[in-house]
Amino acid sequence: MKRFILTLLIGGLVMAGASAKTAFVYFSATGTTERIAKNAAQAMGADIFEIEPVHKYTDADLNWHDKKSLSSIECNDPKSRPAIKNKIDISGYDTVVLCYPIWWSYAPKIMYTFVESQNWSGKKIVALCTSGGSGLGRSGTDLAKYAKGAAYKGGKDFTRGSGADVKKYVEGLLK
C-alpha cells in the first residue's frame, strides 16, 4: 500500500512538471511587439494576454521628440503607473514571458503596473522586447525587481526575430 501511494505521489509530481505552463503577456502601442508576441506564443503553444491601457496611446502620445507627450512624461516619472483596462490572471502559469517595446531605454511604465499587480511566487520570468535601436538594456532586470518571488531567467531584443527564434531562446533559458 505504501508503495502504491508513493507511486501515485511521484507520478503526480512528474505530471505536474510535464504540464508546466507558459504565458506570454505583452503590451504593444504600435503593433510591432504584438506581432512578435503572437508569433512566439503560437510557436511555443503558449497562452497569450494583451495588456490594454485605459488610455489608448495615440501617435501624439508616442512622439518621443515632444517632451510633453504622454509617453515622454511617463518615462520621466519613476512613479508613473498607467492604469490597465483588463484583468490578467497569471496564477496558473509557471513561466511568464513579458513582451514590450523599449521606450527611452526602458520598459513602458504600464509594464510596471502589470508586474506590481501580480503574485510572482515560484514563477519564472523572461523579458522580450522590440526596440528601434537601444535593445533590452536593463529593462528585464528592472522589471524583475518588482516581481517579488520570481526567478528572472533572462531577456533579449527580438525586434527582428521569428517565433521559432523566440521559442529556441526561451526553451534554452528554461533548461
Side-chain angles (χ1 to χ4, degrees), residues 20-41 44 46-58 60-64 66-132 134-159 161 166 169-170 173-174:
K21 289 184 69 179
T22 300
F24 279 72
V25 178
Y26 74 93
F27 167 71
S28 184
T30 64
T32 302
T33 304
E34 178 180 28
R35 279 189 297 280
I36 292 293
K38 284 183 174 180
N39 289 338
M44 290 190 69
D47 294 334
I48 188 162
F49 302 94
E50 177 183 7
I51 297 171
E52 299 175 39
V54 167
H55 173 85
K56 188 163 173 59
Y57 292 87
T58 66
D61 292 332
L62 298 172
N63 182 357
W64 61 276
D66 181 359
K67 291 180 182 181
K68 294 181 182 179
S69 73
L70 182 57
S71 57
S72 295
I73 292 167
E74 288 175 4
C75 285
N76 288 315
D77 179 1
K79 294 181 181 178
S80 176
R81 296 296 185 268
I84 297 175
K85 180 175 159 180
N86 58 320
K87 176 93 170 125
I88 298 171
D89 180 9
I90 61 164
S91 62
Y93 297 92
D94 304 300
T95 301
V96 178
V97 181
L98 300 173
C99 305
Y100 51 89
I102 293 293
W103 289 358
W104 298 264
S105 300
Y106 300 98
K109 297 299 172 126
I110 198 164
M111 293 304 297
Y112 290 86
T113 305
F114 172 74
V115 168
E116 290 173 347
S117 74
Q118 302 294 317
N119 177 354
W120 293 96
S121 296
K123 298 192 184 310
K124 298 172 192 147
I125 294 178
V126 175
L128 301 180
C129 76
T130 56
S131 171
S134 59
L136 183 73
R138 63 177 208 211
S139 66
T141 55
D142 284 351
L143 285 170
K145 289 176 191 174
Y146 292 91
K148 305 293 185 210
Y152 178 62
K153 303 309 271 181
K156 189 173 178 178
D157 179 348
F158 273 97
T159 304
V166 172
Y169 175 74
V170 171
L173 290 176
L174 299 177

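Note that this is a predicted model, so its numbers are computed, not measured.
- Distance OH/Y93 to OG1/T22: 9.5 Å, rounded to 0.5 Å.
- For the atom pair F49 CZ and N86 CG, the distance stands at 10.0 Å (nearest 0.5 Å).
- With rounding to the nearest 0.5 Å, the separation of NZ in K85 from CD in E50 is 9.0 Å.
- In this model, a donor atom of one side chain and an acceptor atom of the other lie less than 3.5 Å apart for T33 and T130.
- Summarising the geometry, atom OG belonging to S72 is positioned 12.5 Å from atom CG belonging to D77; distances are rounded to the nearest 0.5 Å.
- Here the closest heavy-atom approach between residue A150 and residue I125 is recorded as CB-CD1, 3.7 Å.
- The environment of CH2 in W104 is crowded: more than 12 heavy-atom neighbours from other residues, nucleotides or ligands sit within 6.0 Å.
- Residues I51 and I88 are in side-chain contact: their nearest non-hydrogen atoms beyond the backbone lie under 4.5 Å apart.
- Listed by first and then second residue, the side chain to side chain donor-acceptor pair (under 3.5 Å) pairs involving residues 141-153 are R138-D142 (not counting sequence neighbours).
- Between the CG atom in L128 and the CG atom in L136 there is a gap of 8.5 Å [rounded to 0.5 Å].
- Under the 4.5 Å side-chain criterion, counting only non-hydrogen atoms from C-beta, P108 is not in contact with S71.
- At least one side-chain heavy atom of S139 sits less than 4.5 Å from a side-chain heavy atom of I102.
- Closest of all the heavy-atom pairs between I73 and K67 is CG1-O, 3.9 Å.
- In this structure, CG in L143 is found 5.0 Å from OH in Y100, a value given to the nearest 0.5 Å.
- When atom types are taken as modelled, the side chain of W103 and the backbone of K109 share no donor-acceptor pair closer than 3.5 angstrom.
- Residues K38 and Y26 form a side-chain contact, since some pair of their non-hydrogen atoms from C-beta on lies under 4.5 Å apart.
- Residues F27 and Y57 place their aromatic rings such that the two centres sit under 6.0 Å apart.
- Contact detail for G140 and A127: the closest heavy-atom pair is CA-CB, 3.8 Å.
- Between H55 and D61 there is a side-chain heavy-atom pair separated by less than 4.5 Å.
- In plain terms, the two heavy atoms of G135 and C129 that are nearest each other are C-SG, 4.0 Å.
- The minimum heavy-atom distance linking S131 with T159 is given by the pair N-OG1, 2.6 Å.
- Although no hydrogens or angles enter the test, the distance criterion places a donor-acceptor pair under 3.5 Å between the side chain of D94 and the main chain of K21.
- Residues passing the side chain to side chain donor-acceptor pair (under 3.5 Å) test with T113, sequence neighbours excluded: none.
- Nearest heavy-atom pair across E74 and S80 is CG-OG, 3.5 Å.
- Residues passing the side chain to side chain donor-acceptor pair (under 3.5 Å) test with E116 are R81, sequence neighbours excluded.
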